[in-house]
2 protein chains.
Amino acid sequence: MAATIHDVAREASVGIGTVSRVINNSPRVKPATRERVLAVIDKLQYKPDPIARSLVSKRTNSLGVIVPFFTRPFFMELLRGVEIVSARLERELILYNVETNAQRDHYFSELPMRRKVDGLLIVSLTPGDAVSRRFQDAGLPVVLIDAYSPLFTSLVVNNVEGAYEAVKFLIEKGHRRIGFINGLIEGNFKFNQANDRLIGLHRAFGEAGLLFEPELVLTSEWSRMGGKQAALQLLSQQKRPTAIFAASDMQAVGVLEAAKELGILVPEQLSVIGFDGIEVSELLELSTIYQPVQAMGEQGAALLVELIDNPAKIPELIRFDTKLLERHTTGPALTPVTHSEEQGLPEGEASRLATRHLL
Amino acid sequence: MAATIHDVAREASVGIGTVSRVINNSPRVKPATRERVLAVIDKLQYKPDPIARSLVSKRTNSLGVIVPFFTRPFFMELLRGVEIVSARLERELILYNVETNAQRDHYFSELPMRRKVDGLLIVSLTPGDAVSRRFQDAGLPVVLIDAYSPLFTSLVVNNVEGAYEAVKFLIEKGHRRIGFINGLIEGNFKFNQANDRLIGLHRAFGEAGLLFEPELVLTSEWSRMGGKQAALQLLSQQKRPTAIFAASDMQAVGVLEAAKELGILVPEQLSVIGFDGIEVSELLELSTIYQPVQAMGEQGAALLVELIDNPAKIPELIRFDTKLLERHTTGPALTPVTHSEEQGLPEGEASRLATRHLL
DNA sequence: TCAGATCATGGAAACGTTTCCATTAAACTT
DNA sequence: AAGTTTAATGGAAACGTTTCCATGATCTGA
C-alpha cells in the first residue's frame, strides 16, 4: 500500500542504503543524489515506518511516564510540563497511570523487559532496590520526579524547608495550637514526602520552643475528603487548633469545607495553609506553599532525553525551592474563644493580640 | 541479551512456529508440548518483543488520543475515562496534546501515515473532509468524542438541550435579563458546541417570549480569565443582567470572580450557571449543567477498541444527556437594586461570609 | 489393516528498516 | 599517467516476530 524504502530506491535508481542515508541526514551522499532521492520521497509521499525503524535501531522515540492518579491537579500540572518538553523534542508520550499497588508493580516489572519506551519518568513513586536493578540491568534510562533514589537522577522539592516555612509562618502569626494534616505515607505508595513535611513541622516547632502535641497531628488520604474528615476531627476537639497546615492543597480544601460546615470562620477563627500551589488554591484564595510543579515536569523530561542520548551520565539530585504564597486563609491568631465570645471581636483586636504574641 | 523466540524454541526442542502458537494461545498445540514450552518461557523469562510483533502483525496495541488543552479539567476528566478503559483492555495510551492549529494539523496529517497507534480518539475537534478521507484511506479507526462527523462514530452531549435547560431554569426563577457568555467557535478550533449552546438559549428565549438582546451575549476564551473579562463587561452595563449563563464551568468561575470584584453578591444579586460539571464547580457550589464526561471517555475508548477489532462497523452517533445541577449560585430574580439598597442583607450574613471564603 | 482425514509441528518467507562491508567512482599526489 | 587515498554507493544481513505451507504423526471408520 504505502511506499517503502525499496519503492523509493527503485524509483530513484539508487540503492536502499542511499535512501536510508538520505532519510537520516547522513553527510555521505552526493548533493545531486540527495536531491533526486528527496524528490522521489516527496512524489511517493514516503514516510519511514517507525516500527521497522525501531526494530533495528532499538529506539522508539517515545517517553513513558508512570504517574499515580494522573487526574489529580498536582500530577496534571506536572504532566503538562512533561508534555511541553516531549512535544518540543518530538517524542511520543505514553501514559502509565497507577491507582493501585498491583498496577504499579505491573508497570515496574513489565516496562524494563521490552523497550516500548526509550526512557521512563517516574512520578512520586520510589522504585525499590530490586526494581531499580531491573531498570539498570535493562539499560532503561529513568528519571524520578518528586521522589528520590541515589540510583537515578531525581528532582525533588525541598519538602522539609517548605513545611518548615509554612509552620513558621503560622507561628509568627501568633498561632500556638497548630494542627497538621499529613498525607498517608504508606497508604498506597511510599510517599515519603509526607515524612519530610512532618520533619519540617518539627523543626519549626523546635525552633519556637513549641510543644509537639500528637493529638494535633493527623494523617489522611491525599484528597479533599480525607482532609475534610481529618479537619472535622481536629476541629471538634475541646481545645481546637487555631491554625491547620495541610500537606496538600486538596486536603486544605477539605479543611475549608469542614470549617464551613462547623460554622468556623476562616481566617478569623481558623487559619489554613496548604501545600502545592495548584490552580484551585488560587480560586479559593488559599494560602499555600507553592512548588514549581510544571517546571519540574519540564526539567524532568529534558533531563530524561539527555540521559537517553548519553546513558553514561551520572545521576544527580536536583532540588527545587518552594515559595510561600500568602493569600486569604491565614491570619493572626486569636486567644482561644469560648462559646459566648464567639460572636464578635472588635476591629483591630485580632492584630493587637497577634502583635502581643510576637513581642 | 534477552531471550528471543529462537532461544525458547531451541531450549524446548520445538520449532519457532510452535512457540509462536503457544504465545498466541493457538489451540493447535498438544497440551504436553505447550507445557514444555511454557516451562522454558518461564525459565528464560521470555517476553515477546512488541516491536517485532507489530512489524508483522500491523498491530501496536496502543490507542492515540488527540485532545486540546488536556490539562483543563473538562479534558482531564474525559481522559480519565479513556485511561480506565485502555488500562483495562491493556492498551497503551499515547497522548497527543493540541494547543495550536499547527499542532492539530501536524497530528492530523502525521498520524494516519505512521501507524503508531491502532486507533485514534479525537476529542472536541472536528476533522475536515480532507483529513477525514486520509484517516479512512489509511484504514485508521477513529472515534470522535464531543465532536460530530457523519464519517466516524461520534459521542456527543446534547448541547442544545443542555443550554435550553439552563436558560429555562433561569427564566423560571424569574430572570428576564439573562447574559450569555459563550465560548469561541473559531477561536482555536471548530468548537461548534458553542453554536449548539447558543441555539439552546434561543429556544428557551423563544419559548418564554423573551427578546434576544445581542448586547447580553458575549464570546470569550473557554477559560477563567475569558469568562471574567466578559462578565466584567456584561456587569458594568447600565442595565446589567440578573443572571449569567456561561458556556463552561471555567468561564462561570471567571464570572464569580468578576462579581466578587464588583461587589455583586451571588446568588442574591446575580445568578450564575455554568456548563460541564467539573470538580471545581462542586467546590464552588456552582450551579451547572453536568455532562457525563468520564463516561463519554470510557465509552469512546470502548467503542474504539470494538472498531479496531471490527473495522467494518458502521459509524454511529451516540448522544448523552446533560443534567441540571442546582447548587448555590442561582436564585430567584430580584428587581434591579439601586446603590442605596446594596448595603444590608440581613439574612444569612454568616453564610455569605462562608461562601466568600470558598471563593 | 489401510486409506483418508485431521492434527501437530517445523521452518522459510515476509515485515521495512539500519548497519556494515564490499565495490566502484572520484579526487589527489608525485 | 599511474598510484594512492577518499568519497559515494549498492545491497546482504540482521532485528524478532507472525504467517503460511509442507510434512509427518495420529486418528477414524469400514
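Note on naming: letters A, B, ... go to the chains in the order of the sequence lines (proteins, then strands), and numbering restarts at 1 for each one. Bear in mind that the values here come from a model prediction, so they are computed numbers and not experimental data.
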For A:Ser54, which contact category applies under a 4.0 Å heavy-atom criterion: base, sugar-phosphate, or nothing? nothing

Contact class for A:Ser26 (heavy atom, under 4.0 Å): base, sugar-phosphate, or nothing?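 Answer is nothing: A:Ser26 stays at 4.0 Å or more from every strand.
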
Is it the case that A:Arg72 places NZ or CZ above or below the six-membered ring of A:Phe69, under 6.0 angstrom from the centre and within 45 degrees of the axis? yes

Are B:Lys47 and A:Glu110 close enough that some pair of their side-chain heavy atoms sits under 4.5 Å apart?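 Yes. Closest side-chain heavy atoms under 4.5 Å.
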
Result for side chain to side chain contact (heavy atoms under 4.5 Å, CB included) between B:Leu155 and one of B:Leu303, B:Val123, B:Leu317, B:Leu78 points to B:Leu303

Go nucleotide by nucleotide along DNA chain C from the 5' end; which of B:Pro27 and A:Lys30 gets its closest nucleotide reached first? B:Pro27

With distance as the sole test, does B:Thr153 use its side chain to make a donor-acceptor pair with the main-chain N or O of B:Val143 at under 3.5 Å? no

Check for a donor-acceptor pair, side chain of A:Asn24 on one end and backbone N or O of A:Arg21 on the other, with a separation under 3.5 Å. no

ring-ring contact (aromatic ring centres under 6.0 Å, His included) between B:Phe75 and B:Phe70, worked out: CA-CA 5 Å; B:Phe75 297 112; B:Phe70 80 107; 9.4 Å; no

Check the distance between C:dT24's P and A:Arg28's CZ and give it to me in whole angstrom.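 It is 19 Å, rounded to the nearest whole Å.
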
Return a single string for nucleotides 12-22 of chain C, one symbol per nucleotide in 5' to 3' order, where B is base contact, S is sugar-phosphate-only contact and - is none, cutoff 4.0 angstrom on heavy atoms. B--BBBBBB--

With a cut-off of less than 4.0 Å, is there a side-chain N or O of B:Thr18 near OP1 or OP2 of C:dT9?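 No.
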
